[in-house]
Structures are given as structure tokens and as C-alpha cells.
Amino acid sequence: MSRIDYKAITDSLSIEEVARRLGMELKTEAAGRFKALCPFHDDKTPSLLIDANRDSGRQHFYCFACGESGDVIDLTKGVLHVSFKEAINWLSNGAEKKDIVRPRSTKKSDVDTAKELHTGLELGYGIYKKKSFDASFLTWAKSRNLNEQVLRQAGFVFAEENLLSKYLESTPDTDIRREKAEALEQAHLIRKLTPGVSTAFHLPLHVGPQYRDSFLNARVVFPLFDEKRKLVGLGSRAVNDGDVRLAPKYQFTKGFPKGSVLYRAENAFAQIRAASKDGKDHLCIFLCEGFLDALRIEACGLPAVAVMGSSISESQIRLLVNLADTLPKKSTLAVHICFDRDEAGLRGAADACLKLMNALSLECSFVCPSNWPFGKTNKNKVTETLRSSATYKTLLRAAESTDSAHLWNNIACEEKDYPSWAEHRRRRILKGVIASCEALAVDLLVLPEYSIRPETVAWLKLELTGKHLSILAGTHLEFKREPQVDHLRAKLTLLWPVPKDVLSSLNSRENLPDMRSDFLERGTVLEFMRGKKYRSIALEEFFRPASIPLSPLFRPYDLPNKLELAIGGKLPTDTISHLLAETRLPLKHLMELICSEVFLISSPANYLHMSEDYRNLRAKFGEPCDSEEVYSDVRRLAGLLSITGDGKSPRRSILAVPAATSRSADYWIAGQANFLAAGTTSVFCNSVGSKELVGGSCFIGRGSWRSEKSTAGYIPRITPYHGWSKGIFYNSSQDALSDKDQALVVADVDPHNMMEGKPRAQTMPSPLQLVAYLPIIETIDWEVTEKNLLSALSLPSQEYSFSADERRNSRAIKEEDFWEKVFAASTKLDTQSFMSLWDQFPDEGALIKRYKASQNNDDMQPTSSRREDRIFNKPALYDWINVSLTVNSQQSIPSIEVPHWKRR
């Protein structure tokens with residue numbers, strides 16, 4: 001096939017004529033030069049310059065706003081959202097814009113994209129191999145004590161800085177250079193540089209586009225294959241450790257499906273299958289964190305793969321399961337986990353063990369199928385099927401009544417871990433909330449009491465790695481026989497990601513000989529815990545009470561020791577100094593009390609009975625107790641929360657109260673008293689969802705002790721919602737969240753100046769301000785989820801069995817219906833459409849009031865430009881969080897431990 005002459009095509013076309021064929025409106029600026037709205041970004045004023053003068057060089061375009069530039073082919077690709085070859089065909093045929101028929105999304109199919117990506121990866125890796133410098137490669141391999149032969153088998157090559165860009169510059173044929181550049185750019189191996197501006201209307205583009213490699217500095221480059229030996233990406237590692245400050249140690253091609261691939265699976269899996277064919281029954285595979293770890297084991301002749309991180313994904317688990325399934329029935333496959341011994345590695349290894357044990361040896365079953373998203377017909381079929389399992393039958397009998405729990409013991413059933421729909425829902429909600437908090441630069445997220453499980457805490461630590469957000473993760477009840485001292489503890493957990501600037505100060509490996517170098521890249525999350533101490537007597541709450549004095553979880557002077565335990569080495573003095581003197585530590589102003597512990601500071605009338613009850617509860621566990629314990633805690637809290645503090649440490653001016661209560665008013669009153677006594681701001685977070693859990697969550701601080709008087713024509717508060725507020729208590733129950741509203745409320749709290757004094761300083765902003773009220777809406781594709789969960793159970797697919805009443809009674813709503821209402825509201829922008837949308841939310845009343853405020857008060861308190869009437873011009877219209885609970889065919893659900901009550 002003859003090569004296409006790209007230069008002839010571009011020279012024969014006028015970029016002005018092509019722009020008009022593409023439907024662009026051009027405004028003449030000078031002879032042969034035009035301006036237009038840029039199609040590459042949301043342009044409001046013409047910022048795209050089109051230079052059609054042939055005498056100044058190549059015809060080209062350039063956007064002064066977003067920096068996009070190129071020739072007539074680039075312009076066609078961008079406007080029509082087509083590939084390079086499709087653009088050439090369109091230009092060659094003289095077609096009009098309407099002649100290109102694309103899907104509504106204007107995106108290419110996954111097949112087309114995958115083909116173009118694979119072509120570019122093959123081309124790039126071929127260039128790397130052809131231009132590899134053996135001497136430099138050998139020097140690097142020896143410096144790392146790596147086996148040269150294994151590295152070459154794995155495809156490692158050495159690449160000097162900007163090797164691909166230099167290769168393109170040295171290619172004399174412009175057509176070949178252009179075609180190869182397109183393929184490499186499609187594979188994200190090179191990037192086009194934005195040209196500079198020489199004059200008002202002329203840009204030095206006639207020399208052609210300039211490129212730089214995506215892989216920075218000199219590196220070793222290696223191919224990344226899937227288990228079928230298909231090239232799916234390229235990876236690279238910095239050769240010089242000094243370059244890590246300027247670029248990441250590891251870089252990968254954009255779009256590499258890291259969580260779906262096991263590094264060196266193509267070699268290890270083939271080795272295991274070959275051993276099976278040779279008659280070996282007991283087979284093993286080594287599971288590592290990093291690339292080089294796997295290669296070192298491979299150098300010993302053993303099959304090894306790497307997860308390329310500190311946690312294993314569900315897709316990677318399925319690869320190992322599929323490998324085990326393809327082996328003869330008499331064969332066994334042992335997975336040896338070889339993760340690092342730092343905190344993240346140990347946590348990841350434990351998580352991998354649980355997932356692998358579930359996947360490789362346990363049949364998927366349900367703890368409580370009545371709580372799963374099945375219609376009544378399929379729910380009955382699932383229950384009857386699972387009753388045939390001895391494990392499930394025992395579990396059902398143990399849950400029949402309050403006096404049958406003893407039947408669930410380690411003799412009746414060895415397994416303890418089961419898939420949990422509640423945990424699936426919990427993680428989906430938290431993932432959406434964490435993303436919103438990160439976007440708003442939130443310091444601390446407070447969750448309700450008894451809202452998480454130990455498995456949730458482990459997952460959250462991985463989820464928060466590398467992020468800014470800290471989480472006060474509610475409480476969970478511990479069920480442990482070993483050590484006995486922790487059994488039935490109600491533990492409160494605070495998760496704090498170590499700031500990146502602290503980790504970056506640990507750049508001297510000589511100071512920390514025992515620390516893993518990849519610890520600094522991944523980051524870490526420190527965990528602070530304590531047990532609940534004082535129970536709710538009225539609710540007859542039962543747990544093992546904590547014996548330690550009440551004190552804040554986050555104490556700055558404890559941080560060096562906690563961090564040293566996490567990294568496995570001593571901290572340099574300058575790092576400790578930076579951590580304690582220069583690092584922003586907003587949590588040093590935080591004190592936590594768990595639900596009923598608040599009664600300790602709400603009234604002296606509680607002291608006597610709380611002290612007696614505490615002694616009695618400790619006695620049930622055979623633990624002695626000082627009769628003065630309650631009074632000691634009261635004095636300690638006084639020193640922490642008083643307006644002057646104890647004079648030794650930062651004053652705890654913010655009180656976080658995770659709760660699960662039916663009496664929200666008690667906590668509002670306690671919060672008002674705390675503010676009036678010492679200017680303390682309380683963060684009360686209560687659960688919703690039943691008669692016993694009535695919500696009422698709110699911030700209680702400035703303005704909470706008196707009702708504001710409204711004046712005609714005056715809006716007393718400035719908020720993102722035209723004066724409307726929700727989630728900050730102003731002495732009215734209507735200010736708090738309702739008993740059915742699950743939402744994320746974000747507020748700015750000034751820990752230093754909550755007591756404003758009289759007169760208030762002129763430049764002092766309000767010390768408690770609403771930032772966002774984000775109600776959470778749960779959506780689900782019932783049919784898809786039901787079908788895929790049945791498949792996960794290896795049960796035959798049934799007809800869709802959800803009735804309209806069952807869907808109506810569920811908190812989650814049909815995904816398709818919800819997004820249709822969103823589309824209608826965003827296009828029609830009328831009251832009826834928005835009312836129909838708000839009706840989908842758990843507390844539609846709050847959203848209706850917020851909407852009315854946006855309609856009535858926009859002129860008095862605008863929140864954005866009103867040049868265009870669009871939904872995204874007003875936070876009151878789009879501030880909410882959508883959580884999709886749908887389970888597709890590629891997903892699995894997390895498992896939880898169901899502890900045995902009896903051991904025999």
C-alpha cells in the first residue's frame with residue numbers, strides 16, 4: 001500500500017476553508033488571519049487565531065487561552081473528535097461536518113482506542129530497544145544487584161533523556177515523522193509542546209510541532225504485559241536517585257490498567273502451567289509489591305508476580321483465581337505473599353490474605369440475604385439455595401433468636417468471612433464523600449458512632465493514603481478472643497495522613513537505614529484509637545469500658561514516636577522540628593467524646609450515677625476501678641476545654657461528638673452550654689435510618705444560643721445558597737439535619753476566635769461559616785445488580801423480580817430515572833423539573849427550601865455570574881453527591897468477619 005502524502009494534503013487545502021466547512025465562525029483580523037471561538041475548551045470570547053498565509057510558512061492555528069496549536073489536520077481532529085487517519089480521509093474527500101457520523105458521546109469505541117494505543121506502545125518500545133545503551137544499562141543493573149539476564153528477559157532497556165523526541169527530530173521524511181508522532185502521542189509516550197508567541201498574529205509554527213518524552217530524565221524502560229502476553233503499557237524507573245526530586249521514581253504510560261494486571265504474570269503463569277503438565281501437584285506463586293522484588297525472586301527460578309503497589313485489587317485476585325481454576329483438580333496452588341514490612345505493606349498483606357482465602361477456598365454466600373438487593377421472588381430462591389449449605393444453615397439457626405447465638409461456633413463452622421452488601425454500600429458512600437472533601441480541602445470528616453467496621457478502617461487507611469483528609473471514623477465493637485482484653489471494646493478511630501511535606505523532608509536514606517524507599521512515595525496514614533468509656537445507661541448499652549483517662553486522640557508530642565513506628569527507623573532531628581514547628585496541624589485543636597460521654601460535661605447531676613455505673617461495668621469484666629475516675633476525667637476535660645486551656649498544650653476549642661442516639665436535643669443543649677462557657681464549637685454527628693437514630697447532626701457554635709430576628713429586605717447570613725443555611729445550629733431544630741437526611745455538611749471553623757468579643761474586630765470574618773450542604777442520593781440499576789449478584793453466587797439467572805413497591809420502599813432509587821430527571825432539570829431549568837428532581841432525595845423539603853432561596857434571593861445575594869441561565873451557575877442547584885450502588889459484571893463486593901460466639 002502506498003504511503004499517504006500528508007504534506008501534499010495540507011498544502012493543497014486552505015485552513016480558512018476547512019474551518020468554515022467545520023462550522024466555525026471566523027472573524028477577519030488581518031489579511032489571511034482570522035479569530036474564532038476555540039473548539040478545544042469552553043471559549044466565551046474568540047481566542048483561537050487562524051493563520052492562512054502561505055508565505056509565512058505552514059498554515060496553522062493557535063489558541064491564546066488553552067495553548068492548543070497545529071495545522072489543518074489537528075484542527076479537523078479536534079473539532080470532529082476523530083482519529084488522525086479519519087481526519088485525513090475526511091479532508092481528502094472534501095466532506096462537510098455533517099458527513100461525519102459519530103456516537104452521541106463523540107468518543108471513539110474502546111476497540112479503536114485500544115488498537116491505536118497498542119500500535120503506539122509497540123512503536124515506542126521498538127524504538128527504545130533499538131536505541132538502548134548497553135553500557136549504561138549494565139551499570140545500573142550492577143548498582144542495584146540485579147540479575148542482568150532476568151532483566152533482559154523481562155524486556156528492560158536503558159533510555160536516555162527525550163530519546164523518542166530526538167528520534168523523531170532525526171527522521172528526515174516529514175510524512176513518516178508525522179505518522180510516528182501521532183502514534184506515540186496516542187500512546188501518551190510523547191507530548192506536544194506549546195509554542196511561544198513571537199508577534200500578535202504570527203507564530204513560529206512553520207518548523208512543525210515540537211515534542212518532549214513523557215518519561216522524564218534518563219530511565220530504564222520495561223514492557224507491561226497482561227497474562228496473555230499482550231502489551232498493555234510501558235513502565236520506567238529513574239536511574240539516578242537524585243532525579244526523584246524532580247520526577248517520580250516510577251512512571252507509567254497514561255491509561256495503563258494497573259489494577260487489572262499482575263506484573264510478570266505472562267511468565268509466572270506459564271511456568272506454573274508447565275510444572276502442572278510435568279505432573280507436579282503442589283504448586284506455588286510468590287506475590288510481591290514491586291517490580292524488582294518479583295524479578296529478584298524470578299532470578300531464583302521461582303514464579304513471581306507483583307501487584308505494583310501495597311494493595312491487591314479484585315481484578316488481580318480474579319487473575320489468580322482463574323489460574324487456579326485452569327489447573328487439574330488434584331493440583332493445589334499456594335500463594336506466598338512477600339510484601340514490605342512497613343505499615344502499608346503489612347496492612348496490604350493482611351488484606352491480600354483475606355481476599356485470597358475468600359476467593360480461592362470459600363464459596364460466595366450471604367450473611368443476611370434479606371438485606372441484599374433482590375426482589376422477593378429471587379430472594380426466596382437464594383435463601384432456599386443457601387440453606388443447603390451447612391455453613392449457612394448454621395448461621396441462620398444462630399440468628400433465629402437472642403438466645404441462639406451460641407450455635408455459631410468454630411465447631412459448627414470454620415469459616416467466618418462473608419460478603420456484605422452493607423459494607424459495599426458503606427464504602428461506595430464513603431468514596432463519594434471523601435472525593436468531595438478532598439475537592440473542598442476539608443481537614444476532618446466526622447462519622448457517626450457504630451457506623452463502620454474493622455474492615456472499613458483497613459480500607460479507609462488505604463483510601464486516604466496520599467490524601468489531605470483526616471477521618472474520625474465513628475466506632476465499632478471489637479469481637480476478639482485473643483487478646484481477651486480487647487474483646488467487646490467499642491473503639492473510636494482517628495485516621496491522619498502524614499502530610500507530604502513531612503515525608504519529603506525524609507530524603508536522606510542514610511539517616512533512615514531501615515526505611516523502605518517506596519514508603520516516601522506512597523505516603524502513610526497514622527491510626528489513633530481509644531475505647532469508649534462511659535455508656536448510655538438509659539439504652540442499656542453494653543461494651544467493655546476503657547480504663548485509660550479521657551484525652552484527645554491527636555497529640556502533637558506523640559507524632560514522632562508514631563511516625564518512627566510506621567517507617568521502622570529513627571526520625572532525623574530536622575524532620576521532628578519540621579513536623580512540630582512548621583507543619584500545619586489543625587487536629588491539635590480537637591477533642592473527641594463518644595455519644596453518651598457528653599453527659600459527663602452536661603450536668604453535675606450525672607457524676608454520681610455515671611461513676612457507680614462505670615465501676616459496675618468494669619466489674620463485669622473482672623477489672624478493678626478507682627471510685628474517683630469520673631471526677632478525674634471531669635477535671636481533665638476542664639483543663640482541655642476551658643477558655644484558657646491548661647497552659648501546656650493547645651486549647652481544645654473544637655469538640656467532635658460521633659453519636660447514635662434518639663435524643664438529639666441533649667447534644668444541642670450541651671453544645672450551646674459549651675459555647676457559652678468557653679467558646680467551644682461542637683460537631684455533633686448522629687446516625688439516621690430508624691426510630692432510635694433520629695439524625696439532628698449539626699455544628700453548634702457562634703449564634704447557636706439565640707434565635708436571629710429577621711428584618712424585611714435583609715438576609716442575616718451570607719451562605720453559598722443565597723442566605724439559606726442547613727447544618728449549623730441557630731437555636732432551632734430546623735437548622736439541624738432531619739431524621740431522614742444523610743448529607744455531608746462542610747463548615748469553616750476558626751479554632752482561635754470563636755469568642756468574638758465586643759466590639760467585634762472590623763476584619764474578623766465569622767468564625768463559623770457554612771461551606772457546603774451536600775445531600776447524598778443513592779442510585780442503583782436494580783436489574784443489572786440482581787443479575788450479577790446471582791452470577792457471583794453461581795446461581796442461574798432469573799427474571800427481574802423487583803416490584804414497584806419494593807423499589808419505592810428502598811433508600812436507593814433507579815439510576816436511569818434519576819439521571820433522566822437531572823437531564824430534564826438542567827435543560828428545562830423550570831420549577832416543575834427541579835421539584836421532580838428534589839423529590840428523589842431522602843429529605844426533599846430541605847432541597848425545595850434551598851431551591852426557593854435561589855429563586856427568591858438571587859438578586860439580593862448572588863453567588864455567581866448570571867450571564868447564562870445554567871444549572872452550574874448556582875450551587876443551590878447542583879450541590880449534592882450521587883452514590884451508585886450498582887454492581888457490574890467486573891466487580892465484587894467486600895467481605896466482613898462474622899465472629900464465632902463460642903469456641904469448643
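The figures here come from the full heavy-atom set of this structure, side chains too, leaving out hydrogens, waters and symmetry mates.
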Discussion item. If we ignore hydrogens and angles and just use 3.5 Å, is the side chain of D293 paired with the main-chain N or O of R296 as donor and acceptor?
Written reply: no
Worksheet item: Can you tell if the side chain of Q59 reaches within under 4.5 Å of the side chain of N53, non-hydrogen atoms only?
Response: no
Item to complete: Begin from the C-alpha positions of I15 and H60 and carry the test side chain to side chain contact (heavy atoms under 4.5 Å, CB included) through to its verdict.
Response: CA-CA 7 Å; I15 193 170; H60 58 268; 5.5 Å; no
Item to complete: Could you tell me whether K166 atom NZ has more than 12 heavy atoms of other residues or ligands within 6.0 Å of it?
Response: yes
Worksheet item: Does the pair F40 and F61 meet the rule for a ring-ring contact (aromatic ring centres under 6.0 Å, His included), with working shown?
Response: CA-CA 12 Å; F40 298 94; F61 69 89; 5.6 Å; yes
Worksheet item: According to the interplanar angle, ranging from 0 to 90°, do the rings of F137 and W140 count as parallel (below 30°), tilted (30 to 60°) or perpendicular (above 60°)?
Response: tilted
Fill in: Stacked cation flag R21 on W90, 6.0 angstrom / 45 deg
yes
Worksheet item: How about S310 and D340: do any of their side-chain heavy atoms sit closer than 4.5 Å?
Response: no
Worksheet entry | D226 (side chain) donor-acceptor with K230 (main chain) under 3.5 angstrom | yes
Practice prompt. Please examine the side chains of F215 and L163, heavy atoms only from C-beta on, and report whether any two atoms are closer than 4.5 Å.
Written response: no
Fill in: Any donor-acceptor pair under 3.5 Å from D43 side chain to C38 backbone
yes
Worksheet item: Judged by modelled atom types alone, do K180 and Y167 share a side-chain donor-acceptor pair under 3.5 Å?
Response: yes
Worksheet entry | Greater than 12 external heavy atoms within 6.0 Å of E17's CD | no
Worksheet item: Taking the inter-plane angle between the rings of Y263 and F222 on a 0 to 90° scale, is it parallel (under 30°), tilted (30 to 60°) or perpendicular (over 60°)?
Response: perpendicular
Fill in: Non-neighbouring partners of H336 that pass ring pair (Phe, Tyr, Trp, His ring centres under 6.0 Å), sequence neighbours left out
F286
Item to complete: Could you please spell out the steps behind the side chain to side chain contact (heavy atoms under 4.5 Å, CB included) verdict for S214 and K254?
Response: CA-CA 9 Å; S214 297; K254 186 178 179 181; over 6 Å; no
Worksheet item: Can you find a heavy atom in the side chain of Y128 that is under 4.5 Å from one in the side chain of F158?
Response: no
Item to complete: Check whether the side chains of S315 and R318 place a donor and an acceptor atom closer than 3.5 Å, and report yes or no.
Response: yes
Worksheet item: Closest heavy-atom contact between Q316 and V261?
Response: NE2-O, 2.9 Å
